[in-house]
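What you see below is based on every heavy atom in this structure, not just the backbone, and it leaves out hydrogens, waters and symmetry mates. Just so we're on the same page: letters track the sequence lines, and every chain starts at 1.
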Amino acid sequence: MNRQPCFKSFQASIWESYPQLASAIGRMQDEFGPDWERDFDNFIRFFFDSQGSLDKAIRGYAAFALEAMKLQHRFQKTRRYQSSTFRQASELVYNDRDYMESLYLPGILLSHFLWRHHFLQQGFFDRFFLPEIPNEARVFCDIGVGTGFYSNRLLEKTSLEGVGVDLNPVSLDWAKGLVSKSGFASRYSAVVADIGSEDFSQMFEVIVSVEVLEHLEDPLAFLQALHLSLKPGGIGFIAAAVNGENADHIYLYESEKAVEQHVVAAGFEVLHSSADAAYTPRFTGEIVPVNAAFVVKSKSI
Amino acid sequence: MGEEDVLASVSKIIVEVLDEDNLEVTRELSATNVEAWDSLNHIVIVAEVEDEFGLNFKTTDLLNLVNVGDFVDLVLKELSEKN
């Protein structure tokens with residue numbers, strides 16, 4: 001029987017197969033209540049065609065989460081990220097299509113609802129970034145699309161058209177797939193491009209770059225290129241991981257202040273900021289991953 | 001090292017990490033049965049077992065663990081391959 005996947009079937013599946021990860025559900029329910037469950041249920045029903053596809057994503061999430069937590073445990077002792085170059089990260093993650101499609105991207109997708117700091121970031125995006133988008137804006141650019149989650153969110157919640165930019169075609173394919181499932185394909189295009197290259201000269205009224213900085217050897221140079229791609233009067237949403245180890249994290253931000261310093265040094269003015277922890281520290285001195293997010297505009301207005 | 005020794009070592013680690021002195025650890029025990037056995041404690045248990053036996057488990061192997069018995073069998077397998 002091919003049952004319609006939903007929150008209840010997700011819950012049953014993860015308890016059956018990965019009970020050690022299932023406690024995250026209870027924590028999210030306790031903190032965010034029925035609104036979280038409803039949003040997650042809607043998301044699952046909309047984006048997963050079958051329980052089989054959901055179970056596959058759950059396995060990918062389980063692998064992604066276990067790996068991230070294992071690396072974080074090691075990071076607690078070493079205080080440095082395992083990978084230090086883009087080449088190392090590429091070898092571990094980006095160049096392995098099967099890894100990207102079966103583990104990395106499904107993992108990130110489900111983490112938007114299962115990881116506290118990722119879920120809080122959605123709320124910050126909705127409450128503080130969306131209202132700042134100028135009425136006359138027509139097009140956004142999402143640089144470093146990941147799963148396409150935030151591209152999709154902008155297409156869902158505004159009338160903007162969008163361009164997804166990434167170095168990785170697998171991510172772009174995923175983003176296009178997500179956007180297409182939502183019915184927004186006609187408003188979205190995806191392109192393999194490096195915004196730091198001389199060939200990239202486009203400017204946009206709205207830019208989004210979520211959890212890209214920590215994947216780069218020189219995030220300041222990237223932010224400077226991002227700033228050049230923002231039209232005067234335009235608005236941006238930039239987020240980065242702080243003290244959060246993962247297989248492809250290269251640049252270690254040790255505080256949200258360090259991220260903000262780079263954002264400001266690149267030429268942005270910060271309008272709103274948020275720093276959300278993945279969980280409450282269990283002991284004194286425990287390093288907990290944090291998401292630092294900023295709503296920005298160009299200082300050159 | 002035999003199965004009983006590995007089970008004894010793994011049991012000791014589980015009891016200490018979960019801070020459950022009265023927990024009876026059997027091969028059938030799993031995270032489903034123990035409230036304190038959440039994802040964060042699970043990783044600590046995995047890391048402590050790795051350190052105890054000098055191993056480094058693959059994520060794909062960890063995904064297939066259903067209970068303590070599976071974990072003990074994985075340790076035994078990795079130890080035999082190491083030797």
Side-chain angles (χ1 to χ4, degrees), chain A residues 11-12 14-28 30 55-56 58-78 82 92-93 96 98-99 102-104 106-107 111 114-116 245-247 277-283 286-289, chain B residues 7 9-21 23-75 77-78 82:
Chain A
Q11 197 173 25
I14 202 167
W15 266 112
E16 183 183 337
S17 301
Y18 311 107
Q20 65 276 20
L21 297 177
S23 57
I25 298 173
R27 285 199 299 272
M28 295 298 283
D30 287 346
D55 286 342
K56 201 172 158 197
I58 289 171
R59 184 169 175 85
Y61 167 76
F64 179 77
L66 279 174
E67 205 164 276
M69 285 188 286
K70 219 174 148 208
L71 286 169
Q72 189 70 21
H73 184 81
R74 177 191 159 277
F75 175 72
Q76 177 74 35
K77 296 176 195 171
T78 65
Q82 175 184 257
L92 283 170
V93 179
D96 187 338
D98 183 58
Y99 182 94
S102 63
L103 188 155
Y104 184 80
S111 78
L114 293 170
W115 288 8
R116 178 184 186 273
E245 169 68 292
N246 215 321
Y279 44 86
T280 305
R282 293 162 297 163
F283 54 85
E286 182 177 16
I287 306 170
V288 175
Chain B
L7 178 57
S9 295
V10 170
S11 300
K12 185 166 176 284
I13 289 168
I14 290 172
V15 164
E16 280 175 2
V17 169
L18 301 183
D19 196 21
E20 298 264 1
D21 291 338
L23 182 67
E24 189 193 346
V25 181
T26 63
R27 284 184 59 97
E28 291 71 34
L29 185 74
S30 79
T32 317
N33 316 118
V34 188
E35 193 178 338
W37 197 333
D38 61 11
S39 55
L40 296 172
N41 279 334
H42 181 74
I43 286 306
V44 177
I45 290 168
V46 167
E48 299 272 326
V49 169
E50 284 181 331
D51 288 346
E52 175 73 15
F53 295 101
L55 300 172
N56 186 11
F57 301 119
K58 295 193 209 59
T59 303
T60 43
D61 287 337
L62 294 174
L63 281 180
N64 296 329
L65 303 182
V66 173
N67 54 31
V68 171
D70 288 344
F71 203 4
V72 167
D73 293 342
L74 178 62
V75 171
K77 173 176 165 285
E78 294 287 305
K82 198 176 161 190

Which atoms of [X] approach chain A - backbone, side chain, both or neither, heavy atom under 4.5 Å:
X	answer
B:E35	neither
B:V34	neither
B:D51	side chain

For this session: Taking atom NZ of B:K77 as the centre, report whether more than 12 heavy atoms of other residues, nucleotides or ligands fall under 6.0 Å from it.
Result: yes
Seminar exercise, completed: For residues 13-21 of chain B against chain A, heavy atoms under 4.5 Å, the residues are none
For this session: Under 4.5 Å, heavy atom to heavy atom: which of residues 54-61 of chain B reach chain A? Give them by number, or say none.
Result: B:N56, B:F57, B:T59, B:T60
Exercise. For A:R59, which residues count as a side-chain hydrogen bond (donor to acceptor under 3.5 Å, both in side chains) partner, sequence neighbours excluded?
Worked result: A:Y18, B:N64
Problem set entry | Set of residues satisfying side-chain hydrogen bond (donor to acceptor under 3.5 Å, both in side chains) with respect to A:D55, sequence neighbours excluded | A:S13, A:Q51
Seminar exercise, completed: Here the pair of heavy atoms bringing B:S39 nearest to A:S23 is N-OG, 3.8 Å
Gap separating the [atom1] atom of [X] from the [atom2] atom of [Y], nearest 0.5 angstrom:
X	Y	atom1	atom2	answer
B:L62	A:K70	CG	NZ	6.0 Å
B:N41	A:Q20	CG	CD	11.5 Å
B:H42	A:H73	NE2	NE2	12.5 Å

For this session: Name the option with the most non-hydrogen atom pairs under 4.5 Å to chain B; the candidates are A:G26, A:A65, A:A24, A:A63.
Result: A:A63
Exercise. Out of B:D38, B:T32, B:V46, B:L63, which one racks up the most heavy-atom pairs below 4.5 Å with chain A?
Worked result: B:L63
